[in-house]
Structures are given as structure tokens and as C-alpha cells.
Amino acid sequence: MTMIELEVIAGIDTHADTHHVAVIETAGRRLGDAGFPTTLKGYKAIAAFGLVRRMGLEAPTRTALGSPSI
């Protein structure tokens, strides 16, 4: 089976203990949203959404420091 990498656009609302992520594909179809812990496991789960082409990040500097670099 061939894997196709999906390009997505993500919006992230960061907090001290969790980040909430909403994701749409580049055509605008909503793919989902969820909350993730601010841990390595949580960051890996955020990255698993797909290849992010654009990202909106709403956060005070203090809580955004742990956000994954995309």
C-alpha cells in the first residue's frame, strides 16, 4: 500500500499544560481538532496530523516556547 502525505493547515491555541489544534486540508475540508498535552508525546501526536504548509499560532510567548517547530 502506498502512503500519501496530506498537506494540512493547522491552527494552534497554546496553554501551559495543553495545546488545542484544529486542522483543515489545503482545499478547506475540516479534518478535525483535538487537545494535546505539552509533552514530547503530545508534540509527536500534533506532528502526526500531516505535512503542515501553514500554521496559525495564538499564544503568549511563555506558552508557545514548547510548541513543535513546523
Side-chain angles (χ1 to χ4, degrees):
M1 177 165 58
T2 303
M3 295 292 290
I4 298 173
E5 197 164 90
L6 181 64
E7 293 184 9
V8 300
I9 300 167
I12 303 176
D13 185 13
T14 63
H15 301 278
D17 297 322
T18 62
H19 294 332
H20 192 90
V21 181
V23 179
I24 62 172
E25 64 179 7
T26 54
R29 183 173 59 100
R30 182 179 177 269
L31 298 175
D33 66 278
F36 299 92
T38 55
T39 61
L40 181 58
K41 184 177 180 179
Y43 297 140
K44 286 181 178 181
I46 292 170
F49 266 116
L51 176 61
V52 175
R53 289 293 183 196
R54 296 182 188 102
M55 178 176 65
L57 180 65
E58 184 275 319
T61 303
R62 183 176 55 81
T63 59
L65 292 176
S67 298
S69 297
I70 298 176

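If you're wondering where the values come from, they're calculated on a predicted model, not measured in any experiment.
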Practice prompt. Locate the shortest heavy-atom distance separating Ile24 from Arg30; write the atom from each residue and the value.
Written response: CG2-CA, 3.8 Å
Worksheet entry | Shortest non-hydrogen contact between Ala10 and Val23, atoms and distance | CB-CG2, 4.3 Å
Worksheet, complete the sentence: Residues Ile12 and Val21: closest non-hydrogen pair is CG1-CG2, 3.9 Å
Fill in: Pairwise salt bridge (charged side-chain N to carboxylate O under 4.0 Å, His left out) hits with a residue in residues 14-23, at least two apart
none
Worksheet item: Listed by chain and number, what are the side-chain contact (heavy atoms from CB on, under 4.5 Å) partners of Thr18, not counting sequence neighbours?
Response: His15
Discussion item. For the NE2 atom of His20 and the CD1 atom of Ile46, what is their distance to the nearest 0.5 Å?
Written reply: 10.5 Å
Worksheet item: At what distance, to the nearest 0.5 angstrom, does NE2 of His19 lie from OG1 of Thr38?
Response: 6.0 Å
